[in-house]
Every structure is written in C-alpha cells, then in structure tokens.
Novice: 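One structure, as structure tokens, below. Some questions next.
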Amino acid sequence: MYRTVYKSKTAAPAPINLKPEVLIMGGGIVGMTVARELAREGVQVVIAEKGETLGGGARDLHFFYDRPADVQKWMGDLISTLEGEGNIHVLKGAKLKRLDGQLGRFQALVRTSDGMERTLSPSAVVVATGCITRPAEAMSDGSRCIGSSEMEKLLAESRDLPLTWKGQPVKTVTFILDLTNDDIKIHTVNAIKQAVILREKGCQVAVVARDLKVSASGIELLYRQAREKGVLFFKYDEPPVVSHTGDGISVEISDMTVLRKEERETVSLLSDLVIIGETFAADPETLELCRVMKLRAGTGGVLMEDNPQFLRVMSNRRGIFLAGGCRFPQVITESLSEAHAVVQEVKALLRGGVYTPVNPVAEVDPPKCAVCYTCVRLCPHAAIGVERYGDRNIYSAPAEKNGDTLWGAARVDPAACFGCGICVAECPARAITLYQ
Amino acid sequence: MSTFEPKIVAFCCEQSGLPALEMAKTLKLKMPDNLELVPVPCSGRIETLYLLKALESGADGVVVFACYEENCQYLQGNVRLKSRVGYAKQIMTKIGLEGERLEIFHVATNSGVKFSEFLMQKADQLRLLGPNLGKIA
C-alpha cells in the first residue's frame, strides 16, 4: 500500500563536534539571564551588546508587576554576578558583521566600537536583541501627556513622597490604553501595575481601555487588587477625545454601560496627567541582523514565527535561538521564562559535545549540480551553500581556473538540514536526493 | 460503468496527512478500495512530475494531504506545493484532463474523519467523471 520517496543509505552521517561556546546577541535582561545560567554549566559565553552598558530596554523599568523587588536593583545584582563569572566575556559596542557556516562550524565576525574585529566560533547563537519603542502620536504636544516609561521614572523618583510632575503635585491620573498596539498586553500590565502604586500614593486613577488584556500570569489578581483599591476602569469603542483645559487635561469617552448607542452620554475625566503607552516599532538593527544571520523575519519587524509547529524559542536555523522582545514585545516575566527555555535548549544541544544528524538528510550529487542557486535560495533553513568540493562536470565553465582541481557545487549541511525535501523537489538538474 | 472503481493516489505529508491516516485507520473509517498512499516528509517534497506521473501511470485522481498554510513544520513547504499543483493543473488543462483529478486537501493531525470523508467524496466524484483518459497502462 505504501510507497516511499526516501532512498536508504547505509553510512550514517558523521557526528559533529560541538564545543561549549555560545554567542549571545544583546545584553538585555534576557541575554544576561541566558549568559548567567549557561556560564554556571561551564559554557564559555560571549555577550555582544550594541550599546556601551548592559541592561537594554529594562533600564526604563523600575517595578515588576508580580514581585515587590526593584528592577534596577535586581538588574544591578545580575550584572555584578556576570562580572564575577570567569566564563562570560562581554563585548560592548559590538555589531555582528558576518555569520558563516552551519551548526558546529559557525564563524561569527564581530566588530566592536573601538574598531577591533574578532572571529568567534560559537556552537550556538542566541538572539535576544529586544524591541524598540517610539513615543505615541498623541504625546507629541508634550504637555500633561506622558509615556508609560516616564511615569515609571516619576514613580521611582518619588518613592514615598507624593507624586509631582514638573514641580506640580499630581492628584488625578488617567491611563489611555489600546490606541496603538492593540494586540500587545504590555500596556495593560504596566497601567494596572502603576495604577496600584498610584492609589497607594493617594492619587485618583482611571484606566480607559478598549480591552484589558490580563493573559499574563498573575495579572487577573492584580486587576482585582486595583479594583479593590478604587481604580476606575472604563471601556471605549470610539477613541477617547483628549483636550486641554486651564489646569488639567480632560479625556472624553462615551458611557459604554448604557446598551443603546443613542442614549450614551459622554463621560469626561478631568485629570492632571494622561499616560499613553509607547508604540512598539520594528527595529531596523534587528532586521539587519536577520539579513546577516539568514533568519526569517516575521510580520511587523519581530522574529516571531506565526506557526504553531514551532517551539517559541526556535528559529528557522538549527543552532540559532530567539528569546525576549525581539520575538515579540512582551512582559519581563515571559521574557525571562523564554530565556530559561533557551538555556534548556542550548544545554540539550550541547550535551555530550556531539550532534548526530537524525532526520532524513538531503544530499547533492556534485557531478549533476549546475550551481544554479535554486536550492540555496529556497532552503527555508539556510542549510545549503555553494562550496568547492566537486569534480568538474558538464556544466562547468570551459577554462581551468588557476590550477584549482575542485569545482563549485551546492552542498547541504547535514547538521543544518531538517529533511523536508523542498530542495529535492525543486532541483532542475535532479541532483539532490533525500537519504534516510 | 458500475464496476469502475477509480484509483486514487494520495500523497500524505508526514506531519499532518500521515497521522490523520493513522487515526482514520484506528477508527476503522471507510476508505476507497483502490487507494495508494505515498508518505512524504513534507508536501514541499512533491514535484510537479510526481503528480503528472501518477496520473500517467494509472491513477484516476491524485490527492495531496498537506498541512494548513502557515502551519508547515518546514515553514513554506505547502506554499511551494500550491504553486506546483497550480502548474500541474495548467498542464492538465492543456492536454485535456479535468482539473478535479488533482487536488490539495489541508488536514491537521487530528482530522482522521475529514481525511476519510474527503477520500470517499473524491472517489464518488471520480466515479462520475469516469476513467482517466490520460493514463498509459
């Protein structure tokens, strides 16, 4: 009943040696957590951070939503443990110029800000470059309309004192959510977290949202706490109208508790400050990194695969892992659990020091290869390259090249091949076979 | 004509079609009698030539069981398949074969019932269409 498209081969692919060396792109909290955990396991870790200081996007944060610790203090501890670790090397002002080879023979060329170039040969690469934000459009006029990271800073500065903004006391605060990035829950989490702190300082707080997103762990409980402490929540359909009055800023929304639309009246919230979450934007540097590393960029400039078959932290190439904000803007707790998932994956990969190709693996027959680059372009895992290893064939150019005896042909790296057979089906010269 | 039992060649992606087939077997669902199954690692492995060869060498209909789009384990195998099937259909129209003889069907691993229902439907459809005139046998 069955027929098979595989050809069997007796010789198993040779195992590939992996030495315990890992390159981490990005020195944010995710990169640092991965580095710390891996260094504890005796892995040599190099962190390539584009800036001059470690910390990344978490430098704008001061409060966790799910634990009382201060983010900056926690991160300071993390950085000092990294500095005490012998296995961790941090390159500052670093930029990845090239990444050649495949799993087991990666060659990364990193240029640091002082013009030094160094070649690394990591066994695995972790991409944790984070995400970037730009101020929301509504904040452009500046006065009394601030971003959520600025609010975080105000709260951290004022500690036990009453909240002030530009020297004026702040009594009432309104959060407007979901104007942009309606699919991201960070704004909800930040607003509820800050609202609870603001209530403890005695401010009146209202949260205006299209939909509250409470899907992070513990957020529903925090929402209930906020309700109990007297934070007001309003829902809107039409975007709220923000207007400046003499000594405050007013946010007008229609009352959604009335069912009939024509009977809805306008509710006006007069407040001292309006907080609007920043918009998350595609990071051009991450996209450049994708090009260098031959990774697939997902939609919207983030690296998340919109594909349920994929583990969160896997990329389309074997040996390259993704974690944190570069996958998708997300709350710290989730980024950290991704960091731990990456640590597990890297440990599983490096365990035993060898990787044995297990899948059915495609193989090119060099005498048939015309070097048309079709397979190189089509391989979804960037596992194919053209190398000089074949004998001269009928497609080869007539002139001998300065005494070189080997000719170019496509080569599938068995370590990077996932065995899908896309190249086999597409090869016009039928030079590729799938072996099991 | 009543004794005509169309031969169906079904290419099954090992990520979705094959588990669905296993499920259909476990549930002892009805399958067409004259069925040949070809497991492939990914639907992207199927060449245009495979589809046409199957029709040439005796199949009355060819079905490809692939994963849903954006659900491919190998990222874009089923997208590749789609364009190849489109190309094969163009050739089939040119040589005068009905386009219904070739079809992609997207399944998930747990859709054993859908799997068998689709095959039974296809067999009925092919029975109406009659034997494939393009076969060389």
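So that the names make sense, note that chain A is the first sequence line, chain B the second, and so on, each numbered from 1. Excluded from the calculations below are hydrogen atoms, water molecules and symmetry mates; all remaining heavy atoms, backbone and side chain alike, are included.
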Novice: Rounded to the nearest 0.5 Å, how far apart are CG of Leu81(B) and CD1 of Ile422(A)?
Specialist: 10.0 Å
Novice: Between CD of Glu47(B) and CD of Glu426(A), what distance do you get to the nearest 0.5 Å?
Specialist: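 Reported to 0.5 Å precision, the distance equals 9.0 Å.
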Novice: Given side chains that start at C-beta, do those of Leu75(B) and His381(A) come closer than 4.5 Å, heavy atoms only?
Specialist: yes
Novice: Measuring from atom CZ of Arg80(B) to atom SG of Cys423(A), what distance do you get when rounded to the nearest 0.5 angstrom?
Specialist: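 Going from CZ on Arg80(B) over to SG on Cys423(A), the span is 11.5 Å.
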Novice: If you round to the nearest 0.5 Å, how far is CG of Leu434(A) from SG of Cys42(B)?
Specialist: 10.5 Å
Novice: Just how far is it from atom SG of Cys420(A) to atom CD of Glu14(B), taken to the nearest 0.5 Å?
Specialist: 12.0 Å
Novice: Check this for me: Lys82(B), atom NZ, are more than 12 non-hydrogen atoms of other residues, nucleotides or ligands nearer than 6.0 Å?
Specialist: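 Counting other residues, nucleotides and ligands, NZ of Lys82(B) stays at 12 neighbours or fewer.
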Novice: List the steps and the verdict of side-chain contact (heavy atoms from CB on, under 4.5 Å) for Arg430(A) and Leu49(B).
Specialist: CA-CA 11 Å; Arg430(A) 319 193 120 249; Leu49(B) 199 62; 3.4 Å; yes
Novice: Which heavy atom of Gly44(B) sits nearest to which heavy atom of Ala425(A), and what is that distance?
Specialist: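 Scanning both residues completely, I find the closest heavy atoms to be O-CB, 3.3 Å.
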Novice: Rounded to the nearest 0.5 Å, how far apart are SG of Cys379(A) and OH of Tyr74(B)?
Specialist: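 Answer for the SG-OH pair, Cys379(A) versus Tyr74(B), is 11.5 Å.
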Novice: OH of Tyr87(B): more than 12 outside heavy atoms within 6.0 angstrom?
Specialist: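 Result for OH/Tyr87(B): open.
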